[in-house]
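Here is the structure we will look at, set down as structure tokens.
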Amino acid sequence: MFALRIFMLSWQFSRFAGRLYFQELNHNAGNEILVKNEAKIEGRLHGEQVEPEQPDNMFQRLIYMLLIAIMISVAQTVLGVATFVQFVVMLASNKQPNERLADFGTDLGIWIAKAARFQTAASNVKPWPWTELD
């Protein structure tokens, strides 16, 4: 009986140690991917953008700002729906997110950031559909 307990404890310890090892491997691989993704996003957000030769007059800028404000509102609704769908996907697939949906969320976030930069006059570059989406 004592030998069985020792065996069970050693088996549980080895499983625990194995999980820690593989979590560390996955964590390190995840960090490398995260750093690459952050560099890619940083480039898309703050990378070279072609500023217009002449800034819009104030009335044109007001029209663009109103249109972009409506588009941001729609984007927030789409983000909410995508968030809910991703949560359901993760519930159904043992906490594994849908990569395409995650990438879509990243692209949507970058678009919202570019739109916010135009709205707050941090940039004169209008977001998609007036410029390339990236």
Side-chain angles (χ1 to χ4, degrees):
M1 193 64 151
F2 181 72
L4 181 61
R5 277 191 164 180
I6 295 294
F7 173 76
M8 291 300 290
L9 284 174
S10 65
W11 179 71
Q12 287 176 345
F13 179 75
S14 66
R15 284 187 60 213
F16 176 73
R19 273 191 299 218
L20 286 178
Y21 174 74
F22 285 112
Q23 282 177 353
E24 183 65 25
L25 283 179
N26 288 337
H27 179 71
N28 288 339
N31 284 343
E32 291 173 12
I33 292 170
L34 184 62
V35 168
K36 288 178 184 176
N37 284 343
E38 285 177 358
K40 179 181 171 186
I41 291 169
E42 183 68 24
R44 290 177 66 194
L45 193 56
H46 298 292
E48 186 177 331
Q49 296 180 359
V50 179
E51 289 282 332
E53 293 176 13
Q54 285 183 311
D56 299 324
N57 68 40
M58 292 307 286
F59 181 72
Q60 284 178 320
R61 187 169 184 97
L62 175 66
I63 298 299
Y64 284 125
M65 290 174 80
L66 291 173
L67 288 171
I68 292 170
I70 293 167
M71 293 169 71
I72 288 173
S73 178
V74 171
Q76 287 177 326
T77 302
V78 169
L79 180 61
V81 170
T83 301
F84 177 75
V85 170
Q86 185 72 292
F87 182 76
V88 171
V89 166
M90 289 175 68
L91 279 177
S93 66
N94 197 21
K95 300 181 184 176
Q96 294 299 315
N98 180 304
E99 291 298 321
R100 290 176 58 191
L101 191 55
D103 290 341
F104 171 75
T106 300
D107 293 341
L108 184 61
I110 289 170
W111 181 87
I112 291 171
K114 286 183 178 183
R117 287 177 48 81
F118 180 80
Q119 293 289 77
T120 60
S123 172
N124 288 322
V125 177
K126 294 175 216 52
W128 178 88
W130 295 279
T131 57
E132 290 295 317
L133 188 57
D134 286 346

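Computed from a predicted structure; not experimentally measured. All heavy atoms count here, side chains included; hydrogens, waters and symmetry mates do not.
- The CG atom of Leu67 sits 9.5 Å away from the CG atom of Leu62 when rounded to the nearest 0.5 Å.
- At least one side-chain heavy atom of Gln119 sits less than 4.5 Å from a side-chain heavy atom of Ile68.
- Counting only distance, with no hydrogens or angles, the side chain of Gln86 and the backbone of Pro97 share no donor-acceptor pair below 3.5 Å.
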Before giving the answer on side chain to side chain contact (heavy atoms under 4.5 Å, CB included), spell out for Phe87 and Thr83 the whole-Å C-alpha distance, their side-chain angles and the decisive distance to 0.1 Å.
-> CA-CA 6 Å; Phe87 182 76; Thr83 301; 5.7 Å; no
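- Applying the 6.0 Å contact sphere to CD of Glu132 captures no more than 12 heavy atoms from other residues, nucleotides or ligands.
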Could you walk me through whether Thr131 and Lys114 pass the side chain to side chain contact (heavy atoms under 4.5 Å, CB included) test, one step at a time?
-> CA-CA 11 Å; Thr131 57; Lys114 286 183 178 183; over 6 Å; no
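- No chain of hydrophobic side-chain contacts below 4.5 Å, direct or via other Ile, Leu, Val, Met, Phe, Trp or Tyr residues, connects Met90 to Leu79.
- In this structure, Thr106 contributes its side chain and Ala102 its backbone to a donor-acceptor pair below 3.5 Å.
- Minimum heavy-atom separation, Arg61 to Phe118: NH2-O, 2.6 Å.
- Between the side chain of Trp111 and the backbone N or O of Trp128, at least one donor-acceptor pair lies under 3.5 Å.
- One hydrophobic cluster holds both Trp130 and Phe59 under the rule that ILVMFWY side chains link at heavy-atom gaps under 4.5 Å.
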Side chain to side chain contact (heavy atoms under 4.5 Å, CB included) assessment of Phe104 paired with Asn98 = CA-CA 10 Å; Phe104 171 75; Asn98 180 304; over 6 Å; no
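- Under a hydrophobic clustering in which Ile, Leu, Val, Met, Phe, Trp and Tyr are joined whenever their side-chain heavy atoms come within less than 4.5 Å, directly or via other members, Ile70 and Leu108 fall into different clusters.
- Counting all heavy atoms, side chain and backbone alike, Leu101 lies closest to Ala82 at CD2-O, 3.7 Å.
- Hydrophobic clustering, with ILVMFWY side chains joined whenever heavy atoms are under 4.5 angstrom apart, groups Met71 together with Val74.
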